[in-house]
Protein chains: 2
Amino acid sequence: MRERHRHNQCIKNALEKAERVCAEKSLRLTPTRRKVLELIWQSHKPIKAYDLLNQLSSDEHIEKPPTVYRALDFLLKNHLIHKIASHNAYVGCEVNHDEMDSKFFICDQCAEVKEVCEPKLDRSLLEASKKQGFIPNQTTIEIHGTCAKCAR
Amino acid sequence: MRERHRHNQCIKNALEKAERVCAEKSLRLTPTRRKVLELIWQSHKPIKAYDLLNQLSSDEHIEKPPTVYRALDFLLKNHLIHKIASHNAYVGCEVNHDEMDSKFFICDQCAEVKEVCEPKLDRSLLEASKKQGFIPNQTTIEIHGTCAKCAR
DNA sequence: GTATAGAATGTTATATTATAACAGTTTATC
DNA sequence: GATAAACTGTTATAATATAACATTCTATAC
Ligand SMILES: [Zn+2]
Ligand SMILES: [Zn+2]
Ligand SMILES: [Zn+2]
Ligand SMILES: [Zn+2]
């Protein structure tokens, strides 16, 4: 998380946004889906499916994989989270997805992920696609390296 | 494979390139490593580790996972193949890796993968990174969509 | 040529990630 | 309150990948 980052507020915002998006599209943000989204935002870093599963579980009740994978499917489909393919991990969506696909800057030191929408980058990607005669549909753009904070 | 593509020659070229690269760097392209690379090029599409494992195995002898994963590690480390993270599959390297990281155009119809090095795209990526204060190290750029052939 | 160390392979077991299949329950709509 | 669709529970299993340790091969030094 960035400095001066009010994380409780940040989680609250994410959940409110999810409520809003779901209300608009008549989708059901059921307790499990909401809880999974909350856990993902609590981490605020890419988190693995089985870590979520552990956090969902308690001494009394162990959740099973389909529970978390179904929630992840729902959240992914509705752009409330993203999967970081290079890590098999899931991260909350930081932007509005009217726009093109996101790009992710992933710090290999602190694991923080920054999601960006860069129209310039989109244009370059479209141009490169055109050059190949390729019609892009969905992109996986994951840039690993060192974030500004860790570089200092 | 592209039209007019002489696939036997293409496999031969890939293996010769591997021999050359390994000779230059005093690396050992052992029979298993060579065989795995050959199987990857025979497919000429992203191929999964366990499919390789099956193809490596015979009725007399079933190979075990570490055999193929070790070969894959060697080939990946030396840029002779790449992993397509969004598919957990492996594909032969088509370019020379003095250059920056590759980008992959992946056709969701025919599964063909085109690896490209686009300096323009690299510049856009660097620019976007700079804007974030981010120092890029390694990129995963996978563009899914429809290739020129399938679009016709 | 043999000793040695490092690289590579063989082998068993297990960890990690994800889905199939089917039964049961809840929710919205008529 | 009947109906269909969506959601959840549960068991099992598939698919992907690595740990750990024993053994064999290879290159180089003596
Ligand atoms: Zn936060
Ligand atoms: Zn997003
Ligand atoms: Zn070919
Ligand atoms: Zn390459």
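Here is the naming used below: chain letters follow the sequence lines, and residue numbers restart at 1 for every chain. Just the heavy atoms: all of them, side chains too, but no hydrogens, waters or symmetry mates, feed the values below. Since the structure is predicted, the reported quantities are computational estimates derived from the model, not experimental observations.
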Kindly determine whether His144(B) and Asp108(B) satisfy side-chain hydrogen bond (donor to acceptor under 3.5 Å, both in side chains), including the steps that lead there. CA-CA 6 Å; His144(B) 287 263; Asp108(B) 292 328; 2.9 Å; yes
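- Around atom NZ of Lys77(A), no more than 12 heavy atoms belonging to other residues, nucleotides or ligands sit under 6.0 Å away.
- Of the two residues near DNA chain D, His87(B) and Phe74(A), the one whose nearest nucleotide lies more 5' is Phe74(A).
- A salt bridge links Lys131(A) and Glu118(B); the closest N-O separation between the charged side-chain nitrogens and carboxylate oxygens is under 4.0 Å.
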Just by protein heavy atoms under 4.0 Å, how would nucleotides 18-25 of chain C read 5' to 3' in B, S and -? BBBBB---
Stepwise side-chain hydrogen bond (donor to acceptor under 3.5 Å, both in side chains) check, Gln9(A) with Asn13(A): CA-CA 6 Å; Gln9(A) 186 61 43; Asn13(A) 290 347; 2.9 Å; yes
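- In this structure, His79(B) and His97(B) have parallel ring planes: the angle between them is below the 30° cut-off, well short of the 60° mark.
- Under a 4.0 Å N-O distance rule, the pair Glu127(B)/Lys120(A) qualifies as a salt bridge.
- In this entry the distance linking CG of Asp51(B) with P of dA14(D) reads 15 Å, nearest Å.
- Judged purely by distance below 3.5 Å, without hydrogens or angles, the side chains of Ser86(A) and Glu142(A) pair a donor atom with an acceptor atom.
- Note: NZ (Lys64(B)) to C1' (dA13(C)) measures 12 Å, nearest angstrom.
- Using a 4.0 Å cut-off, no side-chain N or O of Thr32(A) falls inside it from OP1 or OP2 of dC7(D).
- Put simply, CG on Leu52(B) is 15 Å from P on dA15(D), counting in whole angstrom units.
- Considering only side-chain atoms of Thr30(B), the nucleotide from dT8(D), dT9(C), dA6(D) that sits closest is dT9(C).
- In this structure, Arg33(B) places its CZ atom 14 Å from C1' of dG10(C), rounding to the nearest Å.
- For the pair Glu63(B) CD and dT16(D) C1', the interatomic distance rounds to 18 Å; values are reported in whole Å.
- The CG-P distance, from Leu72(A) to dT8(D), rounds to 13 Å in whole Å.
- In this structure, His44(A) and His7(A) have parallel ring planes: the angle between them is below the 30° cut-off, well short of the 60° mark.
- One end of the helix from dG1(C)-dC30(D) to dC30(C)-dG1(D) points its axis 30° away from the other end's axis, with each axis taken from 5 pairs and the angle rounded to 10°.
- Lys48(B) has a side-chain polar atom (N or O) that falls below the 4.0 Å cut-off from OP1 or OP2 of dT16(D).
- You'll find the ring centres of His82(B) and Phe104(B) inside the 6.0 Å limit.
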